[in-house]
Structures are given as C-alpha cells and as structure tokens.
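Notes follow the structure.
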Amino acid sequence: MIFYFFQLAIFFCYSLFFYFVRPNFLRTYYVFITIQLSLVMGLRDYWIGTDTRQYVGIFLSQDTSFNGNGVAAYNFLSKTIWNLTNGNYHVFLLALSFLTVLFFILSLQKLKSDFFESFIAVFIYISFYFYFDSFNIQRQMLAVSIAMFATCFFIERKYLKALTFFLLAVGIHSTALIALLNFALIKIKKDKKSLVVSMIALSIMLANVNIILQLFTEIFSHYNMYISTVGSGSLAAGGGALILGLFFILIAGTAFFMTDAFSSKIYSFTFFATVLGSLFYIIGMNSQMLIRIADYFLIFAPVFIPRAIKKISNRFLQKNIVNCFCCAIVLITGLTIMTYKLLNNFGDIVPYSSDIRFWM
C-alpha cells in the first residue's frame, strides 16, 4: 500500500516541477505520466490483480477459445507479443498497461485539457481507482481507454477514425459496444429537457436491471455469471460504488446550478456522461456488471470535474480561493477513496511486487 502512495507522491513532485518551472511543456508532462503509470502497472507480478493470473495463463497457453465473441483484437495482440518475445508475459503486461494509460492520456490531449485540468484529471484517474481497476480488469479498462479515444474523434467529426478505434475497443472487450451510447450523447441536443428525459429513461432501465443483463447475456453468454450477483455474491460490486456515484452527482449538480452546463460540446458531453455514469453507480451499486458498464461513461468524469471547478470558481470574485477550496475537496476525497480501497485490497493489488526491481 505504501508503494502506491509513494508513486502518487512522485506524481505530485514532478507535477509541481512542471507547474512552476516548465508550465508550457504539457506534452513532456504527459510523457512522464505515461511512463510512470505504465511501468508501475506493467512490471507487476502475475498475482497482482484478481484477474491477472488468468490473463497471464491464457497468454502463456495461447488459448483463444475464451469469450470468443469479443476478443479478436486482443487475441491478435497477444499472439503478436507471444511470437515477438517467445512468450514473455512481462512484455505482455507492460504492453497492455502502456496502451491503457496511453489512450487515456491521448484523450486528455485531444479534449484540449490545460495543465491544471490534466493534473486534476490524472489525480482522479489514479485515486478514484480507474487506474487501479486496470490492474484487475485490464482487458476491459484497455477497451474503456480506446473507446474514450474513439469518442474524442467522434466529437471532432472524424467519423472514420472514430469507427476504427471503436471497433478496436470492441475487439478488445465486447462491453465496448456501450460506447455507442456516448456517440448518441454527442449527437443529441443537450439541454435541461434532454437531461431530465435521459435520467428518467436510464433510471427506468436500471430499475429493471435483471432484464437488461439478461438481454446482454443473450448476445454475450460469457457474462451469464453476473446475472445472479445483483445484490449479493462474490461477483457483486463493492468498493463504495454508492459513495462514488453520489460524489460525482454532487459535483455535476453543483455545476448544473452554478454554470452553463450546455455551453460547449465537450463540457456538455462530459457533464451528461458523468451524470449518467453516476446513476449506473448508484442504482447498480450491487452489480459488478453495471459498474463495469458505467466506466464507459465515468471515464469522462476526470475530464469534466476540473473544468467544472474552473467554471464554478469564475462565478466568484475570490475565484482563486474558491478554486483552491474545490480542489482541496477533490484531493481529500480522492485520497480517502484510495486509502479505503487499498486498505480493503480491492482488486487484490496489495502488496505490490515485481520481478523487476525498479524502485528503492
């Protein structure tokens, strides 16, 4: 556990350096982040992360039969690395980790995040456990990052590139089909009426969660194991999903009443995605499947929250004080969530270990 906080401290240190000494070197800052997060995740031992043993076992045996309806790109990547490295699973985990972090960082860049927004976004990505979930459900979180990148192209109206990366995400993990809803969110007219309609429609859908999951598993039989876990069971969601959902809703609600939530395409979309993803967390808090679906929406919360903080702060004469206060709330909340989850070892990532000694 100490190791992860040590890494977070390193992130704070070089963030302060770039902020005070090299504030215009944003791309270099992104490179530092990508290298650090990729190495920490990618050089872990095969027992760090609940599902990592399975990933490594399948890689070593080159078993392409599992969940065959949604892993064509993943199997191709696995086979390529196997052939190039003679079955070195360290390279395999490092490649998955690098791509997961890279596509998230590239998305920040494409969404035109400045230094402050990038720092807060990466902090949320780490401390709110999006990053640490990648140690466990790595294949899906890679798909989430690629789907996020595809959505960025869709915002830019580069539809062919958006489609290409969307199909790549689906080829990594079949749940990436959910990203089609993000495309729909970008296209719909975003105002108070559409927000209310979307929230009511989603609430009705989630109230009938068993029907939704049943329909999903009709297409992807691999997820039948989640049908019986709504409300109980070893595969039910955990880790304070309700608290996380309520916190995101609080931020979004404050932004709704204090800013023009529909002022720009990126801001309005990330606002909608955060609200809808939060509803998934709140209503589907006892279903791991719904929490996994929610990540395709909530991956945009790290982009939305720092922009909301800036817009809220600008409403006040003492905007710097308000900005610091809002940032403090996010930092304290993130550290609290990270501490709670690591203490309870969510995702089985504590203690950290690696065959390759690259720290201390």
Side-chain angles (χ1 to χ4, degrees), residues 50-51 67 69-71 74 100 103-104 125 128-130 132-134 136-151 154 166-167 169-186 198-231 233 235-246 248-249 252 269-270 272-302 304 346-347:
T50 307
D51 292 348
N67 193 22
N69 53 9
V71 293
Y74 180 81
T100 302
F103 280 110
F104 175 76
Y125 180 66
F128 282 63
Y129 234 66
F130 294 102
F132 293 118
D133 275 341
S134 301
N136 175 18
I137 51 173
Q138 185 153 24
R139 187 164 60 92
Q140 182 185 332
M141 293 310 292
L142 172 57
V144 168
S145 294
I146 297 174
M148 182 185 190
F149 192 57
T151 304
F154 199 84
F166 167 72
L167 293 176
V170 173
I172 296 293
H173 203 284
S174 53
T175 55
L177 285 169
I178 301 298
L180 284 174
L181 296 178
N182 283 330
F183 294 172
L185 281 179
I186 294 169
S198 298
M199 291 177 66
I200 292 175
L202 183 59
S203 298
I204 293 173
M205 289 173 61
L206 293 177
N208 298 280
V209 59
N210 286 321
I211 297 175
I212 296 174
L213 292 179
Q214 188 64 53
L215 290 173
F216 195 82
T217 55
E218 287 292 327
I219 304 173
F220 303 109
S221 58
H222 174 72
Y223 301 104
N224 272 317
M225 61 182 176
Y226 294 103
I227 292 294
S228 61
T229 63
V230 179
L235 292 174
L242 175 62
I243 302 301
L244 277 172
L246 290 174
F248 287 134
I249 282 289
F269 164 69
T270 55
F272 262 68
T274 300
V275 170
L276 297 184
S278 299
L279 287 178
F280 267 100
Y281 263 45
I282 294 170
I283 301 176
M285 61 181 177
N286 291 320
S287 168
Q288 190 182 116
M289 187 70 243
L290 290 181
I291 298 304
R292 291 189 175 195
I293 290 173
D295 285 337
Y296 286 97
F297 300 106
L298 278 181
I299 193 64
F300 291 97
F304 166 71
F346 285 104

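Values below: every heavy atom of this structure, side chains too, minus hydrogens, waters and symmetry copies.
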Mind checking side-chain hydrogen bond (donor to acceptor under 3.5 Å, both in side chains) for [X] and listing every partner two or more places apart, or none if nothing turns up?
{"X": "Y129", "value": "none"}
{"X": "Q140", "value": "none"}
{"X": "N182", "value": "none"}

So, taking the atom named [atom1] in [X] and the one named [atom2] in [Y], what distance separates them when rounded to the nearest 0.5 Å?
{"X": "R139", "Y": "T175", "atom1": "CZ", "atom2": "OG1", "result": "8.0 Å"}
{"X": "D133", "Y": "I299", "atom1": "CG", "atom2": "CD1", "result": "9.5 Å"}
{"X": "F300", "Y": "L185", "atom1": "CZ", "atom2": "CG", "result": "9.5 Å"}
{"X": "F104", "Y": "M141", "atom1": "CZ", "atom2": "CE", "result": "9.0 Å"}
{"X": "F269", "Y": "T151", "atom1": "CZ", "atom2": "OG1", "result": "5.0 Å"}

For [X] and [Y], which heavy atoms make the closest approach, and how far apart are they?
{"X": "S198", "Y": "F272", "answer": "OG-CE2, 4.1 Å"}
{"X": "F130", "Y": "P302", "answer": "CE1-CG, 4.1 Å"}
{"X": "A294", "Y": "G277", "answer": "CB-O, 3.8 Å"}
{"X": "N136", "Y": "D51", "answer": "OD1-N, 3.1 Å"}
{"X": "T274", "Y": "A301", "answer": "OG1-CA, 3.5 Å"}

Among I243, D295, I249, which residue meets the side chain to side chain contact (heavy atoms under 4.5 Å, CB included) test with Y281?
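Checked I243, D295, I249 against Y281; only one passes side chain to side chain contact (heavy atoms under 4.5 Å, CB included): D295.
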
Would you say L181 and L276 make side-chain contact, with heavy atoms under 4.5 Å?
no

Could you tell me if the side chain of S134 sits less than 4.5 Å from the side chain of L142, heavy atoms only?
no

side-chain contact (heavy atoms from CB on, under 4.5 Å) for F103 and M148? Distances and angles first, verdict last.
CA-CA 8 Å; F103 280 110; M148 182 185 190; over 6 Å; no

Short side-chain to backbone donor-acceptor contact, Y296 and A176, under 3.5 Å:
yes

For F183, what residues pass the ring pair (Phe, Tyr, Trp, His ring centres under 6.0 Å) criterion, not counting sequence neighbours?
F154, F166

Partners passing ring pair (Phe, Tyr, Trp, His ring centres under 6.0 Å) against F128 (at least two apart in sequence or in another chain)
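Result, ring pair (Phe, Tyr, Trp, His ring centres under 6.0 Å) vs F128: F247, F248.
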
Contacts of L246 that satisfy side chain to side chain contact (heavy atoms under 4.5 Å, CB included) - sequence neighbours left out
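By the side chain to side chain contact (heavy atoms under 4.5 Å, CB included) rule, L246 matches L242, I282.
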
Under the side chain to side chain contact (heavy atoms under 4.5 Å, CB included) rule, collect the residues that match up with L167, sequence neighbours excluded.
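Scan of L167 (side chain to side chain contact (heavy atoms under 4.5 Å, CB included), adjacent residues dropped) gives L163.
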
F297 vs V275, test: side-chain contact (heavy atoms from CB on, under 4.5 Å). Steps then yes/no.
CA-CA 9 Å; F297 300 106; V275 170; over 6 Å; no

